[in-house]
Amino acid sequence: QVLLVEAGGGPVQTGDSLRLSCTASGRIGSPYSIAWFRQALGKAREFVAAIGLENDLRYVRHSLKGRFSISRGDAALTAYLQMNNLQPEDTAAYYCAGVVNNQAYPYTEASTYPDWGQGTQVTVSS
């Protein structure tokens with residue numbers, strides 16, 4: 001069983017930055033990728049970014065490039081989502097998800113990921 005734990009959410013003002021973390025533990029397969037998804041109230045869950053923890057292959061949703069970035073931690077099985085210049089439309093519950101991915105591209109569909117964290121809320125007020 002895999003456990004994913006997110007941290008770092010909270011209320012912020014427009015233009016602020018936040019860094020979310022996701023730490024995986026348990027029976028982790030290899031090579032393992034971690035992705036971030038978000039879900040605003042009343043909307044579908046959408047892909048934000050993904051990273052391969054072994055090959056460091058990174059992918060950020062096109063519309064978020066320039067403001068969001070993803071990285072892996074020095075400690076194994078940790079990924080970070082750096083969010084800059086946050087806007088009210090970024091308000092959502094943010095979830096990290098994990099999957100064994102030996103492809104050269106990230107998976108962007110939520111249904112592909114078997115492992116999920118509990119989510120962390122990000123609320124951006126104007």
Side-chain angles (χ1 to χ4, degrees):
Q1 186 174 356
V2 176
L3 179 65
L4 297 177
V5 179
E6 303 104 331
V12 295
Q13 301 288 320
T14 298
D16 285 351
S17 297
L18 272 179
R19 189 176 78 158
L20 306 182
S21 66
C22 174
T23 301
S25 61
R27 301 187 67 176
I28 309 295
S30 178
Y32 200 70
S33 290
I34 288 180
W36 287 95
F37 290 80
R38 67 183 184 182
Q39 187 166 19
L41 202 60
K43 296 188 176 181
R45 189 166 298 191
E46 68 176 12
F47 173 83
V48 174
I51 187 168
L53 294 185
E54 296 185 23
N55 61 17
D56 202 24
L57 180 66
R58 309 178 189 194
Y59 182 77
V60 177
R61 186 184 187 91
H62 182 74
S63 61
L64 299 175
K65 286 182 179 179
R67 294 195 301 123
F68 287 25
S69 62
I70 190 168
S71 62
R72 60 184 181 180
D74 292 334
L77 305 175
T78 299
Y80 298 100
L81 181 68
Q82 178 67 41
M83 306 183 293
N84 298 326
N85 190 23
L86 283 160
Q87 302 297 311
E89 55 266 33
D90 296 317
T91 295
Y94 284 72
Y95 299 88
C96 72
V99 66
V100 174
N101 180 6
N102 55 16
Q103 304 298 317
Y105 54 85
Y107 299 134
T108 60
E109 293 294 327
S111 59
T112 309
Y113 290 81
D115 308 322
W116 287 86
Q118 80 287 354
T120 184
Q121 180 68 33
V122 173
T123 303
V124 186
S125 58
S126 56

Check your understanding: Which pairs with one or both residues in residues 48-57 pass side chain to side chain donor-acceptor pair (under 3.5 Å), sequence neighbours excluded?
Key -> Ser30-Glu54, Asp56-Arg58
Practice item. Calculate, to the nearest 0.5 Å, the distance between atoms OH and OG1 belonging to Tyr80 and Thr23 respectively. Key: 6.5 Å
Review point. Going by heavy atoms in the side chains, are Ser17 and Gln82 under 4.5 Å from each other?
Key: yes
Point to revise | Chi angles and distances behind the side chain to side chain contact (heavy atoms under 4.5 Å, CB included) call for Leu20, Glu6 | key: CA-CA 7 Å; Leu20 306 182; Glu6 303 104 331; over 6 Å; no
Exercise for review: Quick one: closest heavy-atom pair of Ala79 and Ile51, and the distance?
Suggested key: CB-CG2, 4.0 Å
Check your understanding: What's the verdict on side chain to side chain contact (heavy atoms under 4.5 Å, CB included) for Val12 and Thr123, showing C-alpha distance, side-chain angles and the deciding distance?
Key -> CA-CA 6 Å; Val12 295; Thr123 303; over 6 Å; no
Review point. Are side-chain heavy atoms of Tyr32 and Asp115 found at a separation under 4.5 Å?
Key: yes
Practice item. Could you tell me whether a side-chain N or O of Gln87 sits under 3.5 Å from a main-chain N or O of Asn85, the two making a donor and an acceptor? Key: yes
Check your understanding: Do Val100 and Pro31 have side-chain heavy atoms sitting under 4.5 Å apart?
Key -> yes
Review point. Hey, is the main chain of Leu53 close enough, under 3.5 Å, to the side chain of Arg72 for a donor-acceptor pair?
Key: yes
Review point. In Å, rounded to the nearest 0.5 Å, how long is the span from CG of Leu3 to CD of Gln118?
Key: 8.0 Å
Review point. Closest approach of Pro88 and Thr14, non-hydrogen atoms and distance?
Key: CD-OG1, 3.5 Å
Review point. For residues 80-106, which residue pairs qualify under salt bridge (charged side-chain N to carboxylate O under 4.0 Å, His left out), counting only residues two or more places apart or in two chains?
Key: Arg38-Asp90, Arg67-Asp90
Check your understanding: Going only through I, L, V, M, F, W and Y residues with side-chain contacts under 4.5 Å, is there a path from Leu41 to Tyr94?
Key -> no
Exercise for review: Hey, could you give me each pair passing disulfide (SG to SG under 2.5 Å) that has a residue in residues 25-72? Not counting sequence neighbours.
Suggested key: none
Check your understanding: Tell me the disulfide (SG to SG under 2.5 Å) pairs involving residues 20-63, sequence neighbours left out?
Key -> Cys22-Cys96
**Study point:** Minimal non-hydrogen separation, Ser33 against Gly52, with atom names
**Key:** OG-CA, 3.7 Å
**Study point:** Euclidean distance, Arg61 CZ relative to Phe68 CZ, rounded to 0.5 Å
**Key:** 10.5 Å
Check your understanding: So Tyr107 and Tyr113, would you call those rings parallel, tilted or perpendicular, with 30° and 60° as cut-offs?
Key -> perpendicular
Review point. Of Thr120, Val48, Val122, Val60, which is the lone residue that meets side chain to side chain contact (heavy atoms under 4.5 Å, CB included) with Leu81?
Key: Val48
Practice item. Starting at CD of Glu46, measure out to CH2 of Trp36 and round the result to the nearest 0.5 Å. Key: 14.5 Å
Point to revise | Main-chain N/O of Ala93 paired to Gln39 side chain as donor or acceptor, under 3.5 Å | key: no
Check your understanding: Same cluster for Leu77 and Ile34 if Ile/Leu/Val/Met/Phe/Trp/Tyr side chains link at under 4.5 Å?
Key -> yes
**Study point:** Residues in side chain to side chain donor-acceptor pair (under 3.5 Å) contact with Gln13, at least two apart in sequence or another chain
**Key:** Ser125
**Study point:** Nearest-0.5 Å distance, CD1 of residue Ile70 to CG of residue Leu64
**Key:** 11.5 Å
Check your understanding: Can you name the ring-ring contact (aromatic ring centres under 6.0 Å, His included) partners of Tyr59, sequence neighbours left out?
Key -> Phe47
**Study point:** Leu4 versus Gly98, closest heavy-atom pair with distance
**Key:** CD1-N, 3.5 Å
Check your understanding: Heavy atoms, side chains only, cut-off 4.5 Å: are Thr91 and Gln121 in contact?
Key -> yes
Review point. Out of curiosity, Leu57 CG to Asn101 CG, how far, rounded to the nearest 0.5 Å?
Key: 8.5 Å
